[in-house]
Structure formats: structure tokens, C-alpha cells
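Worksheet: one structure, shown below.
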Amino acid sequence: MELFVQSVISGVLLGGLYAAIGVGLSLVFGIMGLTNIAHGSLMILASFFVMILSQGIMGSVIPALLATLVIMAIIGAVMQGALINRVLDKGAEPALLVTFGFAIIIQNVLQLIFGADYKSIKNPLASVNVIDTKWAIVSGEYLVNFLVSVAVLLALHFLIRRTKLGRSIRAAASNVIAAELMGVNTKRTYIYAMCIALITGSVGGMLVGRTFGFYSYSGMSYLIIAFGVVVIGGMGSILGTLLGGVILGVSQLLGAYFFGPGVQVLVGYLTLLVILTLRPRGLLSNMTRK
Amino acid sequence: MDEGVLMTVENLNAGYGDFRALYDISMRFPKGLIVSIIGSNGAGKTTLLNAIMGVNKPVSGKVTFEGEDITGVRTSSIVAKGVTMSPEGSHVFEDMSVHENLLMGAYLTRSKEKLGRMLERSYELFPALKEKSGQLADFLSGGQRQMLAIARALMSDPKLLICDELSLGLAPVVVNDIYNRILDVNGDGVTVILVEQEVQRSLSFSDYSYVLVKGRVVMEGVANELSEKEVKDAYFGINKYA
Ligand SMILES: Nc1ncnc2c1ncn2[C@@H]1O[C@H](COP(=O)(O)OP(=O)(O)OP(=O)(O)O)[C@@H](O)[C@H]1O
Ligand SMILES: [Mg+2]
């Protein structure tokens, strides 16, 4: 029983992190109908940046993360502005191929520079438990991951729902021509949206890099997690992303509890399949695309 | 450039792929007037407006605004110059409140004070919107949607307002009410282009009219000098042989 409670708690905490990993994918799809195949690889690229910068000139994780967010936003702007925007008029498939190409390039460049070894970002919280009772142990690291992720989701929710930029993003998402008729340059809005998505993904990359470690090809596994989260929660919904993350996290850890750790990923995706069968558009899908 | 003319369309040709929808359209929209473009289903009215607004690129020809060539310019940049459109079928943002829709209309407005003024004017023109201000646009009636689309377009404080079939699917009383508001807006100094299928109302609410049949201008003139019968003959006559 203790282990069951522990699995649920850890699952929820892990799910928060999963949500931060998935929300950028969801945002980009909700706004421009594009599945960003490079989402996971860009996330891991951010992990590498945080690692190098925190070891080197920056000295610690926070300034390294801030610098990484700036770098990733620039990468996002260039990728969207110079490449994806150009092909997006021709439909979603060419744009999807561009992101696929990006994923491959990032992986190979990382492989060339860093090889195939596992890396990790130094983490002072790794062995600190903030709660330690008979029922459950909550590691400081998992708690921080969860809280930072929820903070990212809340900030994003505020941005989308309460700011002028967010309103223009919602307008572009729901009706491109009407948004242009309001004076919104929707191509520029897409650039902002991609930057925001990569910023959230980079925070996810930093957290993952501290907790699990990573190597040049880790991006694809995280892309799959992001997919899972987004498919369960519903594309384009921030709240849905959180729900999707928590459901995926809890079902994975309960899967490990009942059937052993070897099948936890499998159980996670079986849950996904069940939900997808019952609710093909995900649990909460609210950014309707036309 | 002719001082009194706000917008011109010169020898415009447009279509979709191999299909030609507009042939050599030339029109002038004088400052301060209401000009109507009358045409039946599929005449090419929306195609023309989309070409003007940069939604679709014309095959050839030219659109000018205040003497400047704006052919093929990005829609949002044309809006920034002072042209605004209430599109066919209103296209309100259904997942936003009425108030948020209006704020979207003022997207390019930086001044808070001006924004407040424009909001006040919108609600003054369409009191029905004020009552619904907090509601999602999805819950509005057809007439209210059309009002919102017009009010939203006006939030940018435009020099030229274009309305594409604002009477579509609405009861005649509602349409007349909205038309009277268009007259008010015109009274504020906004030049207006009205696109409609219905001959009589278009003639009575505009200063000058163009009749569009199968992608061609077949008749034009000062609205109260055109007879409804002549316009209708032109309108249906050509269709008969097509
Ligand atoms: N997206 C499109 N692709 C192909 N053909 C189109 C498209 N839109 C319109 N057409 C065709 O172009 C012609 C002109 O259409 P348009 O929509 O401009 O007419 P309209 O005068 O606005 O008609 P309505 O009164 O029905 O709105 C029609 O023959 C129509 O079938
Ligand atoms: Mg039309």
C-alpha cells in the first residue's frame, strides 16, 4: 500500500514535468497546425547548452538557463522565420518535413561534438528528500521539477489568456484571415509562438537533464513523451497538457508498481490508446483550428 | 493622383488556379462616399475584395490606396494603412468574448485613450453588443455577429471600411438597422464599400454603384440615377445567355 501511494505521488510529480515537455508541442500544433518533430531534439539541445554554460563561463544553473532560453528563442525565431513560415502556405506536410530535418541535423551535430555518452547537469538537490514518511518519500528534485513545470504552465496560461500577444496568438490560431484583417501579421505571430514553445521546452530540457541525464539522441524519446501528453490531454489546451502529463506519469508508475518497471512505458502508452479510443481528440481540446 | 479618390482598382484580373474569376476590373472609390458593388452569387465580389485586401494575389492589375500601390501587400500591412474589412460570413473570433473581439479590432492601436474612445463608439453604434460584451461571440445571433464584425473592423479607426454581404442570412429589419449604422459611420467621414447581392437596398444606401456579372463590370453610375430595372436586366440578362 505504501508503495502504491508512493507511485501515485511520484507519478503526479513526474507528470508535471511531462506536461512542461509536451506543452510546446501542443502550442505549436494548436496555433499553426504543425507537428514539430524537432521538439524533443531542440529540448535536448537546450540540455546541452545548460550543461556547457553551467560548467563553463556561467558557473551555475540559473544564469546558464537564462542564457539558454535566449539562445533557444533565437534558434526558434530563425527556424520559424527563415524556414517553416516559407513552406507553411503549402500545407502542414512540407513544414513537418522541415522539422524532421531539423531533428536529424540536431542529433547528428550533437553526436559529432559530444559523442554518444550520457551527460547530466549537476544537481545539488539530487539526494535531498523534502518529505520522508512511512507513506511516501518526495525527493527535492522531483518536487522542484513539478513546481517549476507548473510555474511554466501557469505563466504560459497567463500569457495566452491575459495579454495582447496571447490574444493575437489565439486569433491567429482560430482564424488566420480574420487575424490578418485585424492587422496581426500572423507569420510574425508564428515566430513568437515558436520562441515561446522552445522556451518552455528548454526549461523541460534543463529539468530532464538534471534528473535523468541525456545524450545526443535522447530527443526522440522525449518527443514520444510529448506526443503522449498532448494526445491524452488534447492538442492546444494548456490545462489538458497538465492533465495529460499527470495521467501519463501516474499510469507509468502504477504500471511499474503492478507489473514491474520493465513494462512501465508500455502501460503508459496502453493508457494513451485507451483514452484515444474513448476520446479521439483528447480529454480537453479547446483551441479549435479552422 | 486624383485628390478626391481614396482607392482605385485598375485592370484587375484574378482567379483560382486556371479558373479566371475577374476580368479587367477598374473601379474608383472617392473619399467620403459609399460605393456599392452589386452582383449575384459567384459574380466575383469576394474575390475582388480579397484581392484588394491582399488575402489573394491578383494575376495582374493594380490596387492603389491614397495614391500608393498596395497590390499584393500583406493584409495586415494594408490594415495598418487604414483599410479594414468585415468579411463575408463575419468571421468573428468565436472563442473570444465580444469585448476581446473588439480589442482585436484595435490590435494596431497603441494609445489607451484612443482605444477607450473607439470602444465607446462601438457600443454607441451597436448597444446590443454592450449587453453581450462579456459573452463569447459564439453565442451571438446572426445579426449580432454581423454587428460585431463591423464594430470590430471600425475599431482600427479606418479611412475605408469594406463590408462583404453584411445582409447575408439576416432579417430585413436587422439589415436596415445595420445599414443605418453604416450611414452614421460614413457621416463620421469613413469611406465605405458595400458589397451586396440585393439591388434595391444597395442603390438606396450608396452614392455610386458598380454592377458585377460573371467577373466583369457591366454597368456603373451614380446610384440614384441607375434604375433598379436596368440593373436587374443587366444582372439577369447576361446570366440568361451564359
Ligand atoms: N477558393 C476558391 N477556389 C476556386 N474557385 C473559387 C474559390 N472561391 C470562389 N471561387 C469561384 O470564383 C467565382 C467568384 O466567386 P466569389 O466568391 O468571388 O463570388 P461572390 O460574388 O462573392 O459570390 P457570393 O455572393 O456567393 O459571395 C465563383 O465562380 C466561385 O465558384
Ligand atoms: Mg462573396
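A note on names: the letters A, B, ... follow the listed sequences, proteins ahead of strands, and every chain is numbered from 1. Every heavy atom of this structure was used, including side-chain atoms; hydrogens, water molecules and symmetry mates were not. Values in this document were obtained by computation on a predicted structure and should not be read as measured data.
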Residues, nucleotides or ligands: over 12 heavy atoms within 6.0 Å of A:R86 CZ:
no

Residue-level interface, residues 41-65 of chain B with chain A, non-hydrogen cut-off under 4.5 Å:
B:M53, B:V55

Select one option (side chain, backbone, both, neither) describing which atoms of A:I177 are under 4.5 Å from chain B's heavy atoms.
side chain

Within a radius of less than 6.0 Å around NZ of B:K132, do more than 12 heavy atoms belonging to other residues, nucleotides or ligands occur?
no

Any idea which heavy atoms bring B:F93 and A:A179 closest together, and the distance?
CZ-N, 3.7 Å

Can you see which heavy atom on B:E100 is nearest to which on A:R161, and at what distance?
OE2-O, 4.2 Å

Rounded to the nearest 0.5 Å, what separation is found between the CG atom of A:L181 and the OH atom of B:Y107?
14.0 Å

Would you say the side chain of B:R74 lies within less than 4.5 Å of the side chain of A:N185, judging by non-hydrogen atoms?
yes

B:H91 and A:N175: which non-hydrogen atoms are nearest, and at how many Å?
ND1-ND2, 2.7 Å

Grab the two heavy atoms, one from A:M182 and one from B:L108, that are nearest each other, plus how far apart they are.
O-CG, 4.2 Å

Tell me whether the count of non-hydrogen atoms from other residues, nucleotides or ligands lying under 6.0 Å of NZ in A:K164 goes above 12.
yes

May I have the list of side-chain donor-acceptor pairs in residues 115-129 of chain B shorter than 3.5 Å, sequence neighbours left out?
{"from": "B:R117", "atom 1": "NE", "to": "B:E113", "atom 2": "OE2", "distance (Å)": "3.1"}
{"from": "B:R121", "atom 1": "NE", "to": "B:D188", "atom 2": "OD2", "distance (Å)": "2.9"}
{"from": "B:R121", "atom 1": "NH2", "to": "B:D188", "atom 2": "OD1", "distance (Å)": "3.4"}
{"from": "B:R121", "atom 1": "NH2", "to": "B:D188", "atom 2": "OD2", "distance (Å)": "2.7"}
{"from": "B:S122", "atom 1": "OG", "to": "B:M118", "atom 2": "O", "distance (Å)": "3.1"}

